[in-house]
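Counting starts at 1 for both ligands and their atoms, in listed order.
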Amino acid sequence: MLNIVLFGPPGSGKGTQAAKLVEKYGLKHLSTGDMLRAEKVSGTELGNRVATIMATGMLVSDDIVNEIVQSQLKTHAASVPGFIFDGYPRTIEQAHTLDGFLQEIGTGVSVTLFLDVPKDDLVKRLLQRAIELGRADDTAEVIEARVTEYNSKTLSVASVYEGQGKLQKLNGIGSVDEISARLIAAVEMSSIKG
Ligand code: AP5
């Protein structure tokens, strides 16, 4: 299986590039942000709980997110050539849990693509999206909280994959197509390395 972790701060282009990689490799896209927003829309008790946390820019608990991902892996593993993880794992605990889930289905993370984008550009992109799409957590205050949460809890996940020799840090500035070409080159390189 080809299993790609798309990693990077809020607004670095994970969702945008996941769509490009799905087109190229036919992988199943698993975005924990999208899945949590769907839970929120469903209006269940869990949905209401996660909505309150997401509105602050804080991370939802590892248990909730891990359970959602495991259920998706079980549902799709037999019918897809691999997965793109977008916005997951976001803590060291999630990274270890993902390794365990993938081992259970006889596979592992193939490569982690780290989209490197300076903070000023992230903020500009997300404030622009606020105008265009009005996503609830794209306010200046919540963006700041999301970036702080990323720096304190998520950035260290990169070192887990670096330690496994699976991390590829890429320039996330440029046109969507330029960046997608960089990501595809990195995926191809990682499959040659095995
Ligand atoms: P999530 O939905 O994952 O949000 P995020 O990580 O903050 O990421 P974004 O969706 O904002 O950005 P992105 O990197 O996908 O970039 P995009 O392609 O959209 O998570 C939301 C919340 O859910 C979290 O705060 C947390 O509460 C919770 N959550 C989610 N996962 C969790 C987990 N694992 N554990 C715990 N809690 C979790 O692009 C952004 C904008 O930039 C778009 O408007 C796009 O058009 C534009 N853009 C993209 N590429 C370019 C480019 N090359 N040049 C210019 N603009 C561009």
List, one per line, each side-chain donor-acceptor pair under 3.5 Å for residues 100-110, sequence neighbours excluded.
from   : atom 1 : to   : atom 2 : distance (Å)
Thr107 : OG1    : Asn3 : ND2    : 2.9
Ser110 : OG     : Asn3 : N      : 2.8
Ser110 : OG     : Asn3 : O      : 3.4

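- By the 4.5 Å heavy-atom criterion applied to side chains, Gln164 and Asp99 are counted as neighbours.
- One hydrophobic cluster holds both Val50 and Val69 under the rule that ILVMFWY side chains link at heavy-atom gaps under 4.5 Å.
- For ligand 1, the atoms closer than 4.0 angstrom to any heavy atom of Gly33 are 1 (P), 2 (O), 3 (O), 20 (O), 30 (C), 31 (N).
- Counting only non-hydrogen atoms, the option in Met58, Arg135, Lys40, Lys153 that gets closest to atom 10 (O) of ligand 1 is Arg135.
- In this structure, the protein non-hydrogen atom closest to atom 15 (O) of ligand 1 is Gly15 N, 2.9 Å.
- By the criterion of a heavy-atom distance under 4.0 Å, neither the backbone nor the side chain of Glu149 is placed next to ligand 1.
- In terms of protein heavy atoms, atom 31 (N) of ligand 1 is closest to Thr32 OG1, 2.8 Å.
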Next item on the list: Go through the steps to decide whether Ile184 and Tyr25 satisfy the test side chain to side chain contact (heavy atoms under 4.5 Å, CB included), and finish with yes or no.
Entry: CA-CA 10 Å; Ile184 289 167; Tyr25 297 109; 3.6 Å; yes

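- Side chains of Glu39 and Thr44: a donor-acceptor N/O pair is present below 3.5 angstrom, by distance only.
- In terms of protein heavy-atom proximity, atom 19 (O) of ligand 1 is nearest to Arg129 NH1, 2.9 Å.
- Contacts between Gln17 and ligand 1, counted as non-hydrogen atom pairs separated by less than 4.0 Å, are absent for every part of the residue.
- Looking at Leu59 against ligand 1, both its backbone and its side chain come within 4.0 Å, counting heavy atoms.
- Taking the charged nitrogens against the carboxylate oxygens, Lys20 and Asp177 do have a contact shorter than 4.0 Å, which makes a salt bridge.
- Among the atoms of Glu132, none of the N or O lies under 3.5 angstrom from an N or O of ligand 1.
- Which parts of ligand 1 touch Arg37 is read off a 4.0 Å heavy-atom cut-off, strictly below it: atoms 2 (O), 21 (C).
- Among protein heavy atoms, atom 53 (N) of ligand 1 sits closest to Gly174 O, 3.0 Å.
- For the pair Leu113/Leu170, a side-chain contact is recorded, criterion being any heavy-atom separation below 4.5 Å from C-beta on.
- Remark: minimum distance from atom 12 (O) of ligand 1 to any protein heavy atom is reached at Gly11 N, 2.9 Å.
- Distances between N or O atoms of Pro89 and those of ligand 1 include no value under 3.5 Å.
- The nearest heavy-atom contact from the protein to atom 16 (O) of ligand 1 is Gly13 N, 3.1 Å.
- Counting heavy atoms under 4.0 Å from ligand 1, residue Leu126 touches it through the side chain alone.
- Here atom 3 (O) of ligand 1 lies nearest to Arg90 when heavy atoms of Lys14, Arg90, Glu93 are compared.
- The shortest N or O to N or O distance between Met54 and ligand 1 is not below 3.5 Å.
- Side chains of Glu67 and Ser71: a donor-acceptor N/O pair is absent below 3.5 angstrom, by distance only.
- At a threshold of 4.0 Å, the pair Arg146-Asp138 counts as salt-bridged, since one of the basic side-chain nitrogens sits closer than that to a carboxylate oxygen.
- Not a single heavy atom of Gly8 sits closer than 4.0 Å to an atom of ligand 1.
- By the 4.0 Å heavy-atom criterion, Pro9 is counted among the residues contacting ligand 1.
- At a threshold of 4.5 Å between non-hydrogen side-chain atoms, the residues Leu59 and Thr154 count as touching.
- Of the heavy atoms in Ile179, only side-chain atoms (C-beta onward) come closer than 4.0 Å to ligand 1.
- Residue contacts with ligand 1 leave out Gln128, since none of its heavy atoms falls under 4.0 Å from the ligand.
- Ion pairing between a basic and an acidic side chain is recognised when a charged N comes within 4.0 Å of a carboxylate O; Asp121 and Lys119 show no such pairing.
- At a heavy-atom distance under 4.0 Å, only side-chain atoms of Gln94, from C-beta outward, approach ligand 1.
- The ring-ring contact (aromatic ring centres under 6.0 Å, His included) contacts involving residues 111-138 comprise Phe7-Phe114, where partners must be two or more places apart or lie in separate chains.
- Between the choices Arg146, Arg125, Glu178, the shortest heavy-atom distance to atom 7 (O) of ligand 1 belongs to Arg146.
- For atom 17 (P) of ligand 1, the nearest protein heavy atom (residue, atom name, distance) is Thr16 OG1, 3.6 Å.
- Looking at ligand 1, you'll find an N or O of Val60 within less than 3.5 Å of one of its N or O atoms.
- For atom 29 (N) of ligand 1, the closest non-hydrogen atom on the protein side is Leu36 CD1, 3.4 Å.
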